[in-house]
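Each remark here refers to the structure printed beneath this line.
In listed order, ligands and their atoms are each counted from 1.
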Amino acid sequence: MNVTPTRIPDVLLIEPRVFGDARGFFFESFNHRAFQGAAGLDISFVQDNHSRSAQGVLRGLHYQVQHPQGKLVRVVRGTVFDVAVDIRRGSPTFGQWTGTELSEDNHRQLWIPPGLAHGFLVLSESADFLYKTTDYYAPQHERAIAWNDPDIGIAWPLSAPPVLSSKDQQAKRLRDAEI
Ligand SMILES: Cc1cn([C@H]2C[C@H](O)[C@@H](COP(=O)(O)OP(=O)(O)O[C@H]3O[C@H](C)C(=O)[C@H](O)[C@H]3O)O2)c(=O)[nH]c1=O
């Protein structure tokens with residue numbers, strides 16, 4: 001597998017080795033030893049999530065103020081534009097974002113360390129989004145930052161206003177957020 005730092009250096013783009021043949025393909029979507037070797041990270045996951053969203057849905061930007069979750073994210077059907085935002089006080093990349101297209105065709109994954117905000121926009125007709133987390137869901141500690149916060153300036157590839165949950169419609173700007 002290839003591991004490439006993004007412009008937020010500890011957000012990693014992971015490209016697994018895909019074995020194709022006349023039947024289709026195979027790849028290891030997670031291998032602890034390979035991940036530790038290539039990314040230098042000894043990570044264990046406690047939760048595996050799967051969400052399905054229609055085109056134009058934008059989920060995020062979410063984080064947990066307690067029990068922050070590291071996330072290993074991927075798309076098994078469709079295509080999304082996946083974004084991580086550095087909201088770690090004191091980080092040299094505080095307030096910066098990185099975006100990557102994840103799809104069933106490119107098999108790409110992103111490792112997003114604990115402490116960052118995360119979200120994605122669905123570009124295909126529908127998208128199945130799978131991700132592992134390093135800590136449990138803690139709704140009482142979950143917070144949201146506005147997808148369109150001008151101080152962050154994410155260049156979402158939007159062709160129309162996004163479809164948002166009510167929670168995400170009410171999300172705060174980073175400058176007003178509890179981090
Ligand atoms: C995240 C989560 C949700 N839920 C329940 C709570 C709600 O009844 C329902 C939908 O939750 P929500 O609207 O918060 O789902 P998303 O908008 O996809 O939230 C996720 O969106 C962005 C992309 C993230 O990175 C986070 O993992 C997460 O915040 O699933 C659970 O039972 N367990 C969970 O771990």
Please list, one pair per line, the donor and acceptor atoms closer than 3.5 Å that link side chains of residues 111-121 to other protein atoms, with sequence neighbours excluded.
{"unit_1": "H118", "atom_1": "NE2", "unit_2": "D82", "atom_2": "OD1", "d": "2.7"}
{"unit_1": "H118", "atom_1": "NE2", "unit_2": "D82", "atom_2": "OD2", "d": "3.0"}

Name all residues meeting the side-chain hydrogen bond (donor to acceptor under 3.5 Å, both in side chains) criterion together with N148; count only those two or more places apart in sequence or in a different chain, and write none if there are none.
none
Using a cut-off of under 3.5 Å, which N/O atoms of ligand 1 pair up with protein N/O atoms, and what distance separates each pair?
{"unit_1": "ligand 1", "atom_1": "14 (O)", "unit_2": "K167", "atom_2": "NZ", "d": "2.7"}
{"unit_1": "ligand 1", "atom_1": "18 (O)", "unit_2": "R59", "atom_2": "NH1", "d": "2.8"}
{"unit_1": "ligand 1", "atom_1": "19 (O)", "unit_2": "H62", "atom_2": "ND1", "d": "3.3"}
{"unit_1": "ligand 1", "atom_1": "21 (O)", "unit_2": "H62", "atom_2": "ND1", "d": "3.0"}
{"unit_1": "ligand 1", "atom_1": "25 (O)", "unit_2": "K71", "atom_2": "NZ", "d": "2.8"}
{"unit_1": "ligand 1", "atom_1": "25 (O)", "unit_2": "H118", "atom_2": "ND1", "d": "2.7"}
{"unit_1": "ligand 1", "atom_1": "27 (O)", "unit_2": "Y131", "atom_2": "OH", "d": "2.7"}
{"unit_1": "ligand 1", "atom_1": "29 (O)", "unit_2": "H62", "atom_2": "ND1", "d": "2.6"}
{"unit_1": "ligand 1", "atom_1": "29 (O)", "unit_2": "E142", "atom_2": "OE2", "d": "2.6"}
{"unit_1": "ligand 1", "atom_1": "35 (O)", "unit_2": "Q47", "atom_2": "NE2", "d": "2.9"}

Report whether W147 and F81 are members of the same hydrophobic cluster (ILVMFWY, side-chain heavy atoms less than 4.5 Å apart, transitive linking).
yes
Side chain to side chain contact (heavy atoms under 4.5 Å, CB included) assessment of Y131 paired with L72
CA-CA 5 Å; Y131 56 112; L72 180 62; over 6 Å; no
Side chains of Q47 and N49: any donor to acceptor distance under 3.5 Å?
yes
To which residues is F25 joined in a hydrophobic cluster, defined by side-chain heavy-atom contacts under 4.5 Å among Ile, Leu, Val, Met, Phe, Trp and Tyr, whether direct or through other members?
V18, F27
